[in-house]
Every structure is written in structure tokens, then in C-alpha cells.
S.K.: 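Structure in C-alpha cells, see below.
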2 protein chains.
Amino acid sequence: MDEPQWLNADELDAWKALAGVLFLLPTALDSQLQRDSDLAMADYMVLVMLSERDDHCMRMSELATSASTSQSRLSRIVARLEAAGYVTREMAPDDRRAVLATLTESGLAKLVAAAPGHVSQVRRLIFDRLTPAQVLSLNEIARALAHPDDHAACDT
Amino acid sequence: MDEPQWLNADELDAWKALAGVLFLLPTALDSQLQRDSDLAMADYMVLVMLSERDDHCMRMSELATSASTSQSRLSRIVARLEAAGYVTREMAPDDRRAVLATLTESGLAKLVAAAPGHVSQVRRLIFDRLTPAQVLSLNEIARALAHPDDHAACDT
DNA sequence: CGGAAGTAGTTGCCGCGTCAAATAAACTAG
DNA sequence: CTAGTTTATTTGACGCGGCAACTACTTCCG
């Protein structure tokens with residue numbers, strides 16, 4: 001088996017550090033949100049995405065990609081949010097396969113209530129630890145990594 | 001409620017991009033490893049950590065922090081790995097509360113078999129997309145973020 | 001029109017991770 | 001020595017996410 005190109009020392013260091021972040025950050029962010037607002041990050045993201053729309057309304061599939069989750073996961077998330085009264089679901093008038101999720105008043109209120117604590121956690125765990133220059137670098141780097149499937153599925 | 005300092009535009013961009021990475025990268029890495037080697041990232045990390053020791057042996061608690069997981073998760077991971085024959089567990093002779101996990105021959109073989117595919121996925125999803133300078137930045141940034149609990153739990 | 005193929009979303013099953021409680025051994029005073 | 005505390009690890013209950021199968025609607029094309 002022809003070994004693919006191995007990682008060099010810099011890459012290995014970076015990878016180890018990144019792996020730690022990948023494991024720990026989501027947990028840290030999730031647990032604050034869970035504890036203080038009884039929401040998971042993914043739930044929060046969904047609420048945010050909806051709130052950013054003028055009509056507070058989005059199709060499930062669009063919502064899934066915006067929130068970077070699978071459709072089945074999104075389906076369950078929205079089901080929970082609906083049960084909690086934070087969103088409603090209704091068939092799209094133009095395409096009756098599609099479902100439109102709409103943020104309710106109470107959902108918006110929930111988001112507004114949860115946001116400050118979450119943002120301060122994000123600030124504490126991320127931006128307080130970085131220089132402005134590093135923030136710019138992070139932006140570029142994260143953008144470069146943000147679409148795993150692009151290169152990943154060359155094997156079709 | 002006194003809103004904590006909000007995020008500025010750069011920070012917001014960076015956060016959105018990072019959030020995408022935090023959601024998608026672990027999934028992408030996990031699914032390759034799962035598909036090709038029937039291991040989760042966390043399992044793989046545990047095997048790596050053990051393999052890096054001369055005696056291929058580590059205490060559970062140490063292993064948990066090295067692999068950036070909770071103790072209870074680690075406990076279950078090692079239980080699975082033991083069931084698969086990749087590690088053994090035994091009481092520590094000096095402190096009978098502690099458990100030593102040891103990598104078996106077969107566990108090492110598993111790791112050696114899984115590594116190339118995983119490394120190439122890491123390369124494809126991460127390092128092929130970054131310049132050498134970005135790799136250095138990433139290293140610094142990731143190190144800065146790698147210890148969420150430090151600042152996080154100021155609220156006791 | 002009518003059937004094949006594609007698209008949108010949901011759900012059953014199952015394994016995994018978290019939380020909290022339990023167990024067990026090791027210190028720590030009195 | 002012994003009761004109390006701390007440390008190391010495991011486990012039961014429970015909810016969540018992934019996969020694949022399924023329903024329902026739409027589109028394509030003859």
C-alpha cells in the first residue's frame with residue numbers, strides 16, 4: 001500500500017491542536033447553552049437562521065444547509081423546537097413536498113433571551129484569546145475548510 | 001440586562017465560518033474513519049495516544065485528557081476497544097483505583113491499517129487547503145483556543 | 001396521459017455521549 | 001483505628017444523531 005503523503009511537523013502540531021479544539025469547543029459551547037437556556041448549539045443556530053429572515057421563515061432543506069446539519073437531524077431539531085412552541089411547520093404552497101419552518105414570537109423571545117449568554121461564551125472562549133490579526137486569519141482559514149464535501153467526495 | 005460586548009463584524013464573520021467548520025469537519029473525518037475502519041475519531045485518538053507511549057499503556061484519566069474526552073466517554077470507548085480486542089484493561093499495581101489501558105498487538109495493527117486513510121482525509125480536508133503560513137497561524141490559534149475550561153468556569 | 005426518476009421530508013432502529021449516582025480505593029485527621 | 005473526604009472509574013437512564021427505508025409530491029419524457 002502506497003502511503004499517502006504524511007504530515008510534516010508543522011502540520012502535525014497544527015492538527016493536534018485543531019483536534020483538541022474540535023473536541024472541546026463544541027462541548028463547551030453546548031453546555032453553556034444547554035445549562036442556561038436548555039438549547040443545543042444546533043437548536044440555537046436554527047433559531048438564528050430563521051431570525052435573520054425578514055419573514056422568519058425558511059424551507060427545511062435550506063435551513064439544514066444554513067445550519068450545517070443533515071436533513072434528518074434538522075427534521076428532529078425542528079420537531080423539538082415545534083413541540084416547545086418556538087417554530088411552526090407548514091406545507092409550502094408552491095411545492096407541497098416542501099415544509100416551511102417559521103419562527104414564532106416565543107421562539108424569537110427565546111433566542112433574544114439566550115443570545116447574550118451565548119455570545120459572551122463565544123467571546124470568552126474564542127475572541128478574547130485572539131488578536132485582531134488572528135481573527136482575520138481565522139476567518140480565512142475557516143472559510144478554506146468550511147466545505148468538506150467539495151473535495152471529499154471525489155470518489156463518485 | 002446589560003448586554004455583554006457584542007461581536008464586531010470581523011468577529012461575526014469569523015464565528016460563522018468557524019461554526020461551520022465545527023459542525024462539518026468532525027462529521028467528515030468521522031465518517032471516513034467509520035466507513036473505512038469502523039472506528040470513530042475518538043476511538044482512533046485513543047489508539048494513537050496509547051501507541052505513542054513506549055509501553056503502549058496509560059491510565060484512564062490521563063488517556064481521557066490526552067484524547068480530549070470526558071472520563072465517562074473514555075470509559076465506554078475503552079470498553080468497546082477492549083471488546084474488539086484492541087486494548088486490555090488491568091488494575092494499576094500502585095493505585096488500585098486506577099486502571100491501565102494497554103494497546104494490544106491487534107490494536108496497533110488496526111491503527112496502522114487505519115492511519116493512511118485517515119491521514120489522507122486530514123490532508124485533503126485541511127492541509128491541502130491551507131498555505132504553509134496559514135498552517136502556522138492555525139497552530140497558534142488552535143493552541144489559544146484549546147483549553148476552554150480555563151476561562152469558562154469563572155462562575156463558580 | 002402514464003410510468004419512471006428525482007426531490008423534500010420524516011421516522012425506526014441502533015449506537016453513542018452526557019449526567020448523575022454508584023462503587024471502590026486512598027488519603028486525612030482525630 | 002475509623003469516620004469523612006477526595007480521587008479513579010464505571011454504569012443506568014435517557015435523549016440525540018446517523019443511516020437507510022419510507023411516504024408523498026413533482027418532473028421528465030415518451
Side-chain angles (χ1 to χ4, degrees), chain A residues 22-36 38-46 57-84 87-102 148-149, chain B residues 22-36 38-46 57-84 87-102 148-149:
Chain A
L22 254 30
F23 273 95
L24 298 175
L25 243 193
T27 307
L29 292 168
D30 256 321
S31 67
Q32 178 276 327
L33 218 35
Q34 192 71 57
R35 174 168 46 83
D36 296 350
D38 195 41
L39 289 174
M41 263 293 288
D43 300 349
Y44 181 87
M45 294 283 277
V46 166
C57 180
M58 224 184 292
R59 292 175 62 137
M60 294 295 279
S61 47
E62 197 187 355
L63 198 44
T65 53
S66 306
S68 305
T69 76
S70 68
Q71 271 209 154
S72 79
R73 186 182 180 186
L74 192 264
S75 183
R76 296 181 201 276
I77 289 171
V78 171
R80 289 196 295 271
L81 293 176
E82 184 180 38
V87 306
T88 56
R89 279 190 288 191
E90 54 197 326
M91 282 194 340
D94 54 319
D95 183 342
R96 292 190 338 193
R97 291 169 302 181
V99 171
L100 298 176
T102 308
D149 27 327
Chain B
L22 254 30
F23 273 96
L24 299 175
L25 242 193
T27 307
L29 292 168
D30 257 323
S31 67
Q32 177 276 325
L33 218 35
Q34 192 72 56
R35 175 167 45 81
D36 297 349
D38 195 42
L39 289 174
M41 261 296 286
D43 300 348
Y44 181 87
M45 294 284 276
V46 166
C57 181
M58 223 182 295
R59 291 175 63 137
M60 295 295 279
S61 48
E62 197 188 353
L63 197 45
T65 52
S66 307
S68 305
T69 77
S70 67
Q71 275 210 146
S72 78
R73 185 181 181 187
L74 192 266
S75 184
R76 295 185 198 275
I77 290 171
V78 172
R80 289 196 295 272
L81 294 176
E82 185 180 36
V87 305
T88 56
R89 279 191 288 191
E90 54 197 326
M91 281 192 342
D94 53 318
D95 183 342
R96 294 190 337 193
R97 289 170 303 183
V99 171
L100 298 176
T102 309
D149 27 326

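Sequence lines set the chain letters: A, B, ... in the order given, protein chains first and strands last, and positions in each chain run from 1.
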S.K.: What I want to check is whether the side chains of B:Gln32 and B:Asp36 have a donor and an acceptor closer together than 3.5 Å.
M.R.: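 Per modelled atom types, B:Gln32 and B:Asp36 side chains form a pair under 3.5 Å.
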
S.K.: Please state how far atom CD in B:Gln34 lies from atom C1' in C:dC14, giving the value in whole angstrom units.
M.R.: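 Atom-to-atom, B:Gln34 to C:dC14, this comes out as 12 Å.
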
S.K.: How long is the line joining CG of A:Leu39 and P of C:dT18, in whole Å?
M.R.: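 Going from A:Leu39 (CG) to C:dT18 (P), I get 18 Å.
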
S.K.: Going by the side-chain contact (heavy atoms from CB on, under 4.5 Å) test, name the single residue among B:Thr27, B:Leu24, B:Leu22 that passes it with A:Ser68.
M.R.: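 So the option named by the test is B:Leu24.
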
S.K.: Nearest heavy-atom pair of B:Val46 and B:Ala67: which atoms, and what distance?
M.R.: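 Closest approach of B:Val46 to B:Ala67: CG2-CB, 4.1 Å.
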
S.K.: Just verifying a value: how many Å separate B:Leu39 CG and B:Met41 CE, rounded to the nearest 0.5 Å?
M.R.: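 These two atoms lie 11.0 Å from each other.
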
S.K.: Once each nucleotide of nucleotides 8-17 of chain D is scored for protein heavy atoms under 4.0 Å, what B/S/- sequence comes out, 5' to 3'?
M.R.: SBBBBB--SB

S.K.: When you compare the side chain of B:Ser61 with that of B:Gln71, does any pair of heavy atoms fall below 4.5 Å?
M.R.: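 Side chain of B:Gln71 against side chain of B:Ser61, heavy atoms only: contact under 4.5 Å found.
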
S.K.: Rounded to whole angstrom units, what separation is found between the CG atom of B:Asp38 and the C1' atom of C:dC16?
M.R.: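 Result: 13 Å.
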
S.K.: Just by distance, no angles: are the side chains of A:Thr102 and A:Glu90 close enough, under 3.5 Å, to form a donor-acceptor pair?
M.R.: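 Indeed, the side chains of A:Thr102 and A:Glu90 share at least one donor-acceptor pair under 3.5 Å.
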
S.K.: CG of A:Leu24 versus P of C:dG17: gap in Å, rounded?
M.R.: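 In whole Å, C:dG17 P lies 14 Å from A:Leu24 CG.
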
